[in-house]
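We name chains A, B, ... by the order of the sequence lines, and we start the count at 1 in each one.
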There are 2 protein chains.
Amino acid sequence: MSEIRILLVDDHPVVRAGLRAMLSGFEGFSVVAEAPEGAAAIREIQRLQTLGEPLDVVLMDLQMGAGMDGVTATRAIKALSPAPPVLILTTYDTDADILAAVEAGASGYMLKDAPPEQIRAAVQQAAAGQTALAPEVAARLLGRIRNPEPVLSTREVQLLELLATGMSNKSMARQLFISEATVKTHLVHIYDKLGVDNRTAAISVAAQRRIIRTGG
Amino acid sequence: MSEIRILLVDDHPVVRAGLRAMLSGFEGFSVVAEAPEGAAAIREIQRLQTLGEPLDVVLMDLQMGAGMDGVTATRAIKALSPAPPVLILTTYDTDADILAAVEAGASGYMLKDAPPEQIRAAVQQAAAGQTALAPEVAARLLGRIRNPEPVLSTREVQLLELLATGMSNKSMARQLFISEATVKTHLVHIYDKLGVDNRTAAISVAAQRRIIRTGG
DNA sequence: GCCCGTATCAACCAAACGGTTGACTCCAGG
DNA sequence: CCTGGAGTCAACCGTTTGGTTGATACGGGC
């Protein structure tokens, strides 16, 4: 069996070095290119294709400090022809991240704190055209199918976003051209679905589940 | 000059491998031990000391998946005798994280996405007993001095962090062993300094200014 | 020694929020 | 056609929060 040729995409030099060291230590693995963010990754893929050099799998981080993020990059890569398999390797395993990655065409989702052997197996599977989910991720997806978490409506997410900017009920009512009563109704539904009982906790939970994004 | 002997503390095998590879590539650097979290780190230090093997610097992550977190570990390490310098190497550069680390006795604060050369220099400085701040961190602190933005006290930042988890005044009072009256006083000061007039807005502004970290 | 910032607490009142009940419309799906 | 979810609104009431005033205590700095 021939060598598995890998492109690393991660904005942290330390992580790239770690993956390079770890993968190079495995028999039959070879890191042939690296990129700090999505746009550079696409350039690397095209460069390799132009040179006729094969590429078997892209190892992609989701969170990039600057430049094109991992989900966008994955979508762009899957639009190429031929499109190499993209294996997501990231720090967080939130529903939103996982679903976005799968929707973008990723063929696997691994966590950075996984033991080396798990990462090795996932890369091998991805290179072979199979899907590879981290055990934690697989368990979460199965649990979600069995026990679907309540989904916020678009209006509720909208409220939540305004809420996170620190607006009062009155302000949100004005902003959305609805009455304070309606705002309160929505809030009650939101608290209900998130399992909390006040606005501050709602923002906390929503941020943790990455339903909304807070901060810079 | 003799070799700089390093202990790595990080819960991600990938990151440890990266740091090991990166540091081993530099002349005069040697990773002599590793630990996935704080308690194991302290055991490693004591083991080295028992064997009479020197240790010049501890490279410490702040966020650990399980076990003793980085701030607690740093505090514990600085209570040892002799206490090796602790250089924080983490992903986030929020005020809360930085202040907690410095307060715990860290002699430096670097970011994981820093270029290798910067990390090399910081480790060297820390090993030499000097302090080493990442340029981004240093710039933030300097900018704060030039721009006399109201500075939150440590107690106020502490409160803000609890606030961001969705706790009520009563809960925060219990948590911090103070009265609700004191909590309210602190909150008023916080609102004042952040230019807001309620808790939700305070969290929003604090997250944007990276005074605290929300989510994940 | 005095001042100022930090931290602590109490009492009070007004305003905002949280929770409930009930009701109306619209629209998609069985 | 009827049911159910989403979205809208009103009225009520108890609790929490926000704002103020005033007070004590401790430390560092001029």
Side-chain angles (χ1 to χ4, degrees), chain A residues 144 147-207 211-212 214, chain B residues 95-96 98-100 102-104 141 144-145 147-207 211-212 214:
Chain A
R144 204 179 132 100
N147 193 11
E149 273 181 24
V151 179
L152 296 186
S153 70
T154 50
R155 197 58 158 171
E156 285 162 354
V157 172
Q158 206 177 351
L159 251 298
L160 211 39
E161 283 175 330
L162 292 184
L163 198 60
T165 70
M167 291 173 73
S168 68
N169 290 349
K170 191 175 295 189
S171 303
M172 293 188 286
R174 273 199 296 262
Q175 177 98 11
L176 298 176
F177 304 105
I178 58 181
S179 77
E180 282 186 64
T182 306
V183 170
K184 289 170 65 171
T185 305
H186 285 310
L187 287 181
V188 169
H189 292 159
I190 291 172
Y191 300 157
D192 219 35
K193 290 181 178 179
L194 295 185
V196 300
D197 64 356
N198 68 64
R199 60 181 52 209
T200 329
I203 293 176
S204 171
V205 170
I211 293 168
I212 58 169
T214 61
Chain B
D95 284 2
I98 296 173
L99 290 178
V102 169
E103 175 269 333
L141 293 180
R144 245 165 71 141
I145 292 172
N147 255 32
E149 263 181 29
V151 179
L152 296 186
S153 69
T154 49
R155 196 58 157 173
E156 284 161 356
V157 171
Q158 204 176 354
L159 223 75
L160 211 39
E161 285 184 301
L162 293 184
L163 198 60
T165 69
M167 292 174 74
S168 69
N169 291 348
K170 191 175 295 192
S171 303
M172 293 189 286
R174 272 198 296 263
Q175 179 99 9
L176 299 177
F177 303 106
I178 59 181
S179 75
E180 282 186 64
T182 306
V183 169
K184 289 171 65 173
T185 305
H186 285 310
L187 287 180
V188 169
H189 293 159
I190 291 172
Y191 299 156
D192 217 36
K193 291 181 178 178
L194 296 184
V196 300
D197 65 356
N198 66 64
R199 59 179 57 207
T200 329
I203 292 176
S204 171
V205 170
I211 294 168
I212 58 168
T214 62

Between [options], which nucleotide has the shortest distance from any of its atoms to the side chain of [X]?
{"X": "B/Asn198", "options": "D/dG18, C/dG19, D/dT8", "answer": "D/dG18"}
{"X": "B/Ser168", "options": "C/dT6, D/dT17, D/dT20", "answer": "D/dT17"}
{"X": "A/His186", "options": "D/dG18, D/dG7, C/dC9", "answer": "D/dG7"}
{"X": "B/Tyr191", "options": "D/dG18, D/dT20, D/dT8", "answer": "D/dG18"}

Using atom [atom1] of [X] as one end and atom [atom2] of [N] as the other, report the distance to the nearest whole Å.
{"X": "B/Arg199", "N": "C/dA15", "atom1": "CZ", "atom2": "P", "result": "19 Å"}
{"X": "A/His189", "N": "C/dT21", "atom1": "NE2", "atom2": "C1'", "result": "12 Å"}
{"X": "B/Ile190", "N": "C/dA7", "atom1": "CD1", "atom2": "C1'", "result": "13 Å"}
{"X": "A/Met167", "N": "D/dT17", "atom1": "CE", "atom2": "P", "result": "21 Å"}
{"X": "A/Lys184", "N": "D/dC12", "atom1": "NZ", "atom2": "P", "result": "12 Å"}
{"X": "B/Asn169", "N": "C/dC9", "atom1": "CG", "atom2": "C1'", "result": "14 Å"}
{"X": "B/Asp197", "N": "C/dA16", "atom1": "CG", "atom2": "C1'", "result": "11 Å"}
{"X": "A/Leu160", "N": "D/dA6", "atom1": "CG", "atom2": "P", "result": "15 Å"}

Are any non-hydrogen side-chain atoms of A/Val157 and A/Ile190 less than 4.5 angstrom apart?
->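 No, their side chains stay 4.5 Å or more apart.
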Could you check if a side-chain atom of B/Arg199 sits within less than 4.5 angstrom of a side-chain atom of B/Asn169, using non-hydrogen atoms only?
->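 When only atoms from C-beta onward are counted, B/Asn169 and B/Arg199 do touch, with a gap below 4.5 Å.
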base_contact_polar (D/dC9 base, A/Thr185 side chain, donor-acceptor, <3.5 Å) |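 Indeed, a donor on one side and an acceptor on the other fall under 3.5 Å apart.
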Given B/Val196, B/Ile211, B/Thr200, the one that forms side-chain contact (heavy atoms from CB on, under 4.5 Å) with B/Val205 =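 Testing each of B/Val196, B/Ile211, B/Thr200 against B/Val205, the sole residue satisfying side-chain contact (heavy atoms from CB on, under 4.5 Å) is B/Val196.
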Straight-line distance of B/Leu162 CG to A/Ser204 OG, nearest 0.5 Å =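 Going from CG on B/Leu162 over to OG on A/Ser204, the span is 11.0 Å.
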Taking atom CG of B/Leu176 and atom CZ of B/Arg155, what is their separation to the nearest 0.5 Å?
->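 One finds 5.0 Å between CG of B/Leu176 and CZ of B/Arg155.
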Does a donor on one side chain and an acceptor on the other come within less than 3.5 Å for B/Thr185 and B/Thr182?
->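 B/Thr185 vs B/Thr182: no donor-acceptor pair found between side chains.
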Is A/Thr200 touching bases, backbone alone, or none of the nucleic acid, heavy atoms closer than 4.0 Å?
->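 Nothing: the residue A/Thr200, judged by heavy atoms under 4.0 Å, touches no strand.
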Closest heavy-atom contact between B/Ala202 and B/Leu194?
->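 That closest heavy-atom pairing would be O-CD1, 3.7 Å.
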Examine D/dG5: is either OP1 or OP2 under 4.0 Å from a nitrogen or oxygen in the side chain of A/Ser153? Give yes or no.
->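 For A/Ser153, the contact criterion (side-chain N or O under 4.0 Å from OP1 or OP2 of D/dG5) is not met.
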Residues from residues 171-183 of chain B lying under 4.0 Å of DNA chain C - heavy atoms =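 Within residues 171-183 of chain B, the residues near DNA chain C are B/Ile178, B/Ser179, B/Ala181, B/Thr182.
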